[in-house]
Amino acid sequence: MNTQGGIEDNAAIIGKAQIARHLFGSFDAMAIRCCVELGIADIISNHNRPTTLSEIATGINSPSVNVDGLARLMRFLVHRKIFDEIPQSDDGKADTIYSLNHCSNWLVNHKNITMTPFVMLYTDPFMLSPLRDLSRSIKEGGTAFKMAHGDEIFDFSLINSEFNKMFNEGMACLTKSTMDVIMLNYKNGFLGMKGSVVDVGGGTGVAISEIVKAYPHLKGINFDLPQVISTAPTYDGVTHVAGDMFKAIPPAETIFIKYILHNWSNDDCVKILKNCRKAIHVDTGKVIIVEIVQQPAQDDLVNDVHVSLDLVMSAYFSNGRERTEGEWKKLLGESGFYRYNIIYIHEIVSIIEAFLL
């Protein structure tokens with residue numbers, strides 16, 4: 001390390017600050033969880049206007065609110081651009097005023113589209129405790145999740161109803177937000193479809209219900225494991241079918257499979273895709289794959305999320321990973337889909353259309 005007169009050079013100082021910021025990064029996630037648990041975004045939303053710190057404190061509805069701690073939490077969240085702060089007079093007498101922005105709008109729990117269940121899932125001890133086993137999983141092989149809990153994530157959900165409920169709710173809220181983007185950017189793709197559409201690994205049926213609601217000429221089939229289907233609500237035009245995608249998939253003209261293949265190894269993906277191919281009725285059928293397509297050359301916020309998600313998959317799912325276009329092309333070819341088309345969407349998602357002919 002270059003120093004002069006005992007003073008670290010600028011690059012070294014910046015490097016040390018970057019390490020410190022990453023170490024304190026855990027507070028980013030927990031501050032957001034704290035915000036959700038206290039209902040701060042909901043309090044501001046319910047006022048339907050920018051809200052003072054005193055009003056937020058009152059809205060928390062506790063006789064012993066730590067107002068100083070709340071003010072410091074809000075200062076942190078404003079610094080992280082989760083909320084906006086409206087400037088007041090410099091005399092220090094006016095109460096600070098906060099408002100929602102494009103970020104904190106996702107933390108309003110009473111909205112139809114919200115990320116709060118996803119926040120609660122990924123900041124829960126069930127998901128945090130495996131991270132302490134990350135180095136061990138790299139050293140010995142296997143997933144950090146199994147090392148922490150004794151079972152892989154899907155097996156664990158079978159025996160732990162609390163985690164199963166939380167996981168399904170987290171995935172369902174993520175699906176709602178993703179489906180809005182898909183429905184907006186893939187209108188022509190759905191319009192050209194006929195007959196039945198089976199959502200493989202469709203969870204509680206949120207995605208397929210949105211498709212059928214927008215395109216009532218389609219028959220929807222929600223396909224997932226029995227413990228998932230057992231908690232699925234009833235939707236008009238949707239039939240819930242329990243089963244195992246590694247054994248067989250219900251026949252349909254179109255297969256829809258969203259955020260499933262990234263959970264599995266290349267060999268497992270080929271097995272699933274071959275079963276998708278068998279399930280398609282006619283040669284004109286297709287498989288619609290909603291996944292991340294990594295573009296390593298990008299250097300922006302979306303790519304930062306992609307890279308982080310790849311490490312998430314490594315920690316929680318046996319052989320799970322995010323893939324580049326070349327890796328997707330190889331998987332599709334080995335599964336009998338020799339023609340494909342990728343629709344890049346300006347979000348964390350892409351649509352891969354896979355065709356038999």
Side-chain angles (χ1 to χ4, degrees), residues 171-172 175-176 178-226 228-229 232-264 268-293 328-329 331-345 349-357:
M171 294 302 102
T175 292
K176 284 182 180 179
T178 302
M179 286 307 297
D180 271 8
V181 177
I182 293 171
M183 300 300 284
L184 183 64
N185 291 273
Y186 195 63
K187 294 178 182 177
N188 293 336
F190 290 120
L191 279 172
M193 289 158 44
K194 298 179 180 179
S196 57
V197 183
V198 57
D199 186 356
V200 176
T204 55
V206 173
I208 193 66
S209 69
E210 291 294 315
I211 294 172
V212 170
K213 184 166 62 177
Y215 303 92
H217 68 284
L218 297 173
K219 176 186 175 183
I221 300 170
N222 182 50
F223 180 67
D224 214 313
L225 295 168
V228 179
I229 293 298
T234 301
Y235 299 102
D236 291 338
V238 175
T239 301
H240 296 295
V241 177
D244 185 343
M245 63 187 174
F246 287 103
K247 295 179 180 177
I249 291 170
E253 281 75 20
T254 305
I255 303 290
F256 184 81
I257 182 165
K258 177 183 63 60
Y259 291 154
I260 298 298
L261 297 177
H262 71 165
N263 296 333
W264 302 97
D268 284 335
C269 285
V270 170
K271 290 176 185 176
I272 296 167
L273 287 168
K274 283 184 176 180
N275 283 339
C276 289
R277 189 184 65 189
K278 292 175 185 176
I280 296 176
H281 277 174
V282 292
D283 290 343
T284 55
K286 65 180 175 181
V287 177
I288 301 169
I289 302 167
V290 178
E291 287 281 2
I292 284 172
V293 178
W328 282 115
K329 180 179 180 180
L331 285 183
L332 292 171
E334 290 176 1
S335 307
F337 296 96
Y338 302 109
R339 187 167 66 90
Y340 70 91
N341 177 49
I342 297 180
I343 302 170
Y344 291 98
I345 297 175
V349 61
S350 294
I351 296 172
I352 308 170
E353 297 176 307
F355 305 93
L356 291 174
L357 298 176

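Computed over heavy atoms, backbone and side chain alike; hydrogens, waters and symmetry mates excluded.
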With heavy-atom distances below 4.5 Å as the criterion, would you say the side chains of Val206 and Thr204 are in contact? yes

Met193 and Leu218: which non-hydrogen atoms are nearest, and at how many Å? O-CD2, 3.6 Å

With sequence neighbours left out, the residues meeting ring pair (Phe, Tyr, Trp, His ring centres under 6.0 Å) with Tyr215 are Phe190

Do Val200 and Ile255 come close enough that some side-chain heavy atom pair is under 4.5 Å? yes

So which pairs with a foot in residues 334-344 pass side chain to side chain donor-acceptor pair (under 3.5 Å), sequence neighbours left out? Glu325-Tyr340, Glu325-Tyr344, Lys330-Glu334, Asn341-Glu353

By side-chain hydrogen bond (donor to acceptor under 3.5 Å, both in side chains), Glu291 pairs with (sequence neighbours left out) none

Could you check whether any side-chain N or O of Asp224 sits under 3.5 Å from a backbone N or O of Ile229, counting only pairs where one atom can act as donor and the other as acceptor? no

Is there a side-chain contact between Val287 and Phe355 in this structure, where contact means two heavy atoms from C-beta onward sitting under 4.5 Å apart? no

Name every donor-acceptor pair, under 3.5 Å, that has one atom in a side chain of residues 236-250 and the other anywhere in the protein, sequence neighbours excluded.
unit_1: His240; atom_1: ND1; unit_2: Asn222; atom_2: ND2; d: 3.1
unit_1: His240; atom_1: NE2; unit_2: Pro233; atom_2: O; d: 2.7
unit_1: Asp244; atom_1: OD1; unit_2: Phe246; atom_2: N; d: 2.9

Between Pro251 and Ile221, what is the shortest heavy-atom contact and its length? O-CD1, 4.2 Å

Heavy-atom side-chain contact between Ile208 and Phe256 under 4.5 Å: no

Applying salt bridge (Lys or Arg N to Asp or Glu O under 4.0 Å), can you list everything that pairs with Glu210, at least two apart in sequence or on another chain? Lys213

Those residues at least two apart in sequence (or on a different chain) that pass side-chain hydrogen bond (donor to acceptor under 3.5 Å, both in side chains) with Asp180 are none

